[in-house]
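A short worksheet on the structure shown next.
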Amino acid sequence: MAKETLSINETRDMMIAVANKIIEAEPILTDADRALGDGDHGVGMERGMNAVKEALEGEEFPSVGKVFMAVGMAMMSSMGGASGAVFGTLFRSGGKAIKDAETLGAAEIVTFYKEGTEGVMSRGGAKPGDKTMVDALLPAAEAGEKAGAATVSEATAAIAEGAEAGKEASKDMIATMGRAKTLGEKSLGKADAGAVSVSIIAATMRDFAAA
Amino acid sequence: MAKETLSINETRDMMIAVANKIIEAEPILTDADRALGDGDHGVGMERGMNAVKEALEGEEFPSVGKVFMAVGMAMMSSMGGASGAVFGTLFRSGGKAIKDAETLGAAEIVTFYKEGTEGVMSRGGAKPGDKTMVDALLPAAEAGEKAGAATVSEATAAIAEGAEAGKEASKDMIATMGRAKTLGEKSLGKADAGAVSVSIIAATMRDFAAA
Amino acid sequence: MKKLINDPLNVADELLDGLVDAYNGDCKSVGKRSIVKTDIPDGKVALLVGGGSGHEPIYHGLVGRNLADGAACGDIFAAPPPNIVFEATEAVDRGKGVLYLYGNYAGDVLNFDLGAELSDDEDIDVRTVLIWDDVCSAPPTEKDKRRGIAGLVPVVKLVGAASQTAATLDELEAAAKKAVLMTRSVGVSMSPGSIPATGKPTFELDEALIGLGMGIHGEPGVAEIPMTTADELTEKMLELIFEDFEKDEEVDALAEGDEILLFVNSLGATTMMELLIALRKAKAILTERGIKIYDVIVGPLVTCQEMSGISFSFTKMDDELKGYWDMPCQSNCYSKMEGRNGG
Amino acid sequence: MKKLINDPLNVADELLDGLVDAYNGDCKSVGKRSIVKTDIPDGKVALLVGGGSGHEPIYHGLVGRNLADGAACGDIFAAPPPNIVFEATEAVDRGKGVLYLYGNYAGDVLNFDLGAELSDDEDIDVRTVLIWDDVCSAPPTEKDKRRGIAGLVPVVKLVGAASQTAATLDELEAAAKKAVLMTRSVGVSMSPGSIPATGKPTFELDEALIGLGMGIHGEPGVAEIPMTTADELTEKMLELIFEDFEKDEEVDALAEGDEILLFVNSLGATTMMELLIALRKAKAILTERGIKIYDVIVGPLVTCQEMSGISFSFTKMDDELKGYWDMPCQSNCYSKMEGRNGG
Ligand SMILES: Nc1ncnc2c1ncn2[C@@H]1O[C@H](COP(=O)(O)OP(=O)(O)O)[C@@H](O)[C@H]1O
Ligand SMILES: Nc1ncnc2c1ncn2[C@@H]1O[C@H](COP(=O)(O)OP(=O)(O)O)[C@@H](O)[C@H]1O
Ligand SMILES: [Mg+2]
Ligand SMILES: [Mg+2]
Ligand SMILES: [Mg+2]
Ligand SMILES: [Mg+2]
């Protein structure tokens, strides 16, 4: 049954579901980073998401924003690497923007993605087209805004669609940031590892909100 | 046409033929030493035999014994390893025992093998059954003595047969000397690398004397 | 690939414990995953290095006598998180500020910068100098995009020595900038290492090819060339370093009479035998150009597990750098007596 | 296996040239294939090491300041021929005699003995001490049959220091015998190296097995055991060393309060990461037994090309050996500042 809003505890459970999905996807993320980077994105995200589960499971939070901020803190302080900083920033900046919200509705999740994306871009300096997770994140945030959805399930559906399209589009881009294997052509045809992570995160949120 | 004796120059040419055969057999010797030792016997013998050719080709010698001594010196000073010392000693000690001989007849080649073998055994301390080249060399020397041959071609034939039999018998022995891989059973079923070299040397002498 | 480990997800922590044990009292572990010297004197300008694990003996093996005061250690191939950087910073600070000196990788910059922000919150003065010696990773006009590879060993050795006498953070920063500017490297890879947690190779490379200019994680360089001899490859690699000194407007071209520190590094499985054979050719090329070798470092110091490959690093020396070089040092990564070989 | 070489039959000569270049003036090449220090003082009792090539940085990399005066170098995995041993002997002799100190292998003994005979012809006083630290190669009652493996590094370091002050060849021989007696090693191999001239692996070993006690050329040890964790293997290996000290009537068992030098060696491809993880466990085991670590050596110092494997060596220390250890030294193989870690 599609949800209008999520409570604080539901938001927490949604993030636990996200963590489980990412942990499950470790081999996919590993392969993506082996093709274009140094091959550690899968284990890095797994490490981060285990820390996330530890920070969330059985805990109570004062707001939905604080749930996301705890996620960001857990990732940032356990993962390291480029993705520890950028995914940590995504959840910290996005969460901070809705830190007083007691429910997660369409407006809140849209704000989360918008501010999270801005945080990531100003922290990491990646621009659209650089073949980073920004290429999945920015279309996701924009799709969320454009959808003008009334419910969290509609909003997360639009966001997930934007993330998926962005991840697919990253296949045609040439990597330039991070430990990506920078030599032009080689990176064509494959999606950026971080963008794959973003698409899995967004899809899991959609499925959770739709259920 | 089987030869009664070999001249000094024929003896020299016989040793050049031996050198060429051993160089040709490098892969066989390598494999034998890889199975039971450190895998360098083939390259070591090749190195030694190239030095032998350099020392013999186009040179004149005062006696057949001096030909063998030059072979021994070339091997000993170019090869290193256990086999540089033992094969060097074989040719130096054997050659020294016939250092005034101007032809190589049955008596001389028998003396060469007998004294050469004694030199090797007292230098290296290996006893029959230790799975070394001594296990081909000693039967070769003994077969030479026992044959009581009248011609060098008959004597080398008997010696080669002894060497071949000794090499075959070494398959059933357990290696204990040198860089042989000492752990018992593992060395069973395979001939000792140095014994293979001895059998090739003896067979090439036989073929040269028979031609 | 048989790896001698316990829990594959725990290798970074366990190797750091082992490293502290190897220092046998000279260093201790601090916070979540940092190593710092036990005897940093009051009033010393501190030097902090760091980066991902899996490249041992760097980065954390560069902590030691007359070397770095501490290192913030990440997981395998991952920059250390900001909290670890902060913990290391706090532990090495003696009131005179801390210089961060590390290789230019996006992840490291992001995390060290975040760590610097946390340190700033606690009023610790932090300055950053990035190491970017890999000339194949960007043209001389975009040195800020270059990766840091093996050159970090001579750089940290020199700056570690400088930090023993530097009166201020400014002074140490200036020495570090000079050491970085004077250090240029070219690397190649012949086969990948593996990721301990997955057992998978870090990249794929055709059996007949060498990645010329490839980075230490397998980042591509300037070309993939057919496997060749040690002499030919050495010639090609050194040519790229000479060219870089020529093209870069911030430094003079290497000329007759110049003196350099020469570092020949193995990425792991490439043997000392191969390094020495290549070193022999490098020496011949340098001699022909009239360039003197002030001293030599050679060994597997900047590795990527059992990756095979080699790199050359040149550091152009002047009197100041020679003074730093001649100091003895001791660490897990590199040790030397006072003076230099040949001197 | 991509090897960075030129002529595969010429690697031993080329690597020695490179080694001389690496010493940058501190050492020179002598005769057919020896390396000797350039500044051996008159009247010094000389120390000569040597052995086959392909195990770099040993044996010839052990020549250096406060270390060996020279090394006679053989071809890959082959003892140096007698003439090379003799040339090296002549070059290091300063009238006080020469101590030969090398690993106990039939080929080395045969050739060094022949070299000693040539030296005796020239009235050079030569004495031989064999290194036989590999406890898995023969029981304590037949130590003369044991191989020399990684233990030669601490032994040569100690004896090199002793040779700086030894007044007579007798004195140096006694110090060497003590260092050898007190040094015991256990090694394992996980995968073979390769022979540069043929490209072939040095031996075969099942993918799931470890050769416990295997020698550095792949000589079998005490058992082939299933691949296991670093901690379990370390426990097994150390147990064999403790046992040997117990069983050997020529030394005391290791007891609480004893101090040892701990050396953790890689045979080539095994990474510093793995060494440190194993070192961590070794330290825990030693601590539990109340045995103190005087100092630590760790690295790929006794290798067999890109062979993978690890060894532990203990040297039981007393005041005399500590004095030798604390001297600084510098070489291609091992360098240290004065003193020790933790001291
Ligand atoms: N500056 C950046 N801005 C945004 N995302 C980045 C940046 N640098 C790297 N990334 C993302 O991080 C991912 C790599 O993460 P990971 O492999 O965990 O870290 P590392 O690159 O340090 O090995 C890339 O696929 C990319 O999406
Ligand atoms: N003490 C010895 N006496 C006689 N022959 C020996 C002795 N030690 C070794 N050998 C012979 O040398 C051969 C190995 O030669 P090689 O591989 O060239 O030298 P190394 O053992 O030094 O690697 C063995 O196969 C054996 O026949
Ligand atoms: Mg990565
Ligand atoms: Mg051999
Ligand atoms: Mg990484
Ligand atoms: Mg050999």
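Throughout, protein chains are lettered first and strands after them, A, B, ... in sequence-line order, and every chain is numbered starting at 1. For clarity, every value in this text was computed on a predicted model and none was experimentally measured.
- The aromatic rings of B:F87 and B:H41 lie tilted to each other, with the angle between the two planes from 30° to 60°.
- Between B:E164 and B:K167, at least one side-chain nitrogen of the basic residue sits less than 4.0 Å from a carboxylate oxygen of the acidic one, meeting the salt-bridge criterion.
- Looking at D:P192, neither its backbone nor its side chain comes within 4.5 Å of chain B, counting heavy atoms on both sides.
- Evaluation of the salt bridge (charged side-chain N to carboxylate O under 4.0 Å, His left out) test over residues 301-310 of chain D, restricted to residues two or more places apart or in two chains, returns D:K3-D:E306.
- Contacts of D:I216 with chain B are absent, with no heavy-atom separation under 4.5 Å from either backbone or side chain.
- With a threshold of 4.5 angstrom between heavy atoms, D:K145 does not approach chain B through any atom at all.
- In this structure, the ring of D:Y102 has its center no less than 6.0 angstrom from the ring center of D:Y59.
- In this structure, the side chains of B:D207 and B:T204 stay at 4.5 Å or more apart for every pair of heavy atoms.
- A side chain to side chain donor-acceptor pair (under 3.5 Å) check over residues 110-126 of chain B, counting only residues at least two apart or in different chains, returns the pairs B:R123-D:E117.
- For D:I195, the part lying under 4.5 angstrom from a heavy atom of chain B is the side chain only.
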Evaluate D:R184 against D:D248 for salt bridge (charged side-chain N to carboxylate O under 4.0 Å, His left out), listing each step before the verdict.
CA-CA 11 Å; D:R184 310 284 162 120; D:D248 185 0; 2.9 Å; yes
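- Per-residue heavy-atom pair counts under 4.5 Å with chain D were compared for B:G44, B:P27, B:G80, and the maximum is reached by B:G80.
- Residues of residues 71-78 of chain B lying within less than 4.5 angstrom of chain D, judged on heavy atoms, are B:M76, B:S77, B:S78 in numerical order.
- For residues 8-17 of chain D, the salt bridge (charged side-chain N to carboxylate O under 4.0 Å, His left out) pairs, not counting sequence neighbours, are C:R280-D:E14, D:D13-D:R33.
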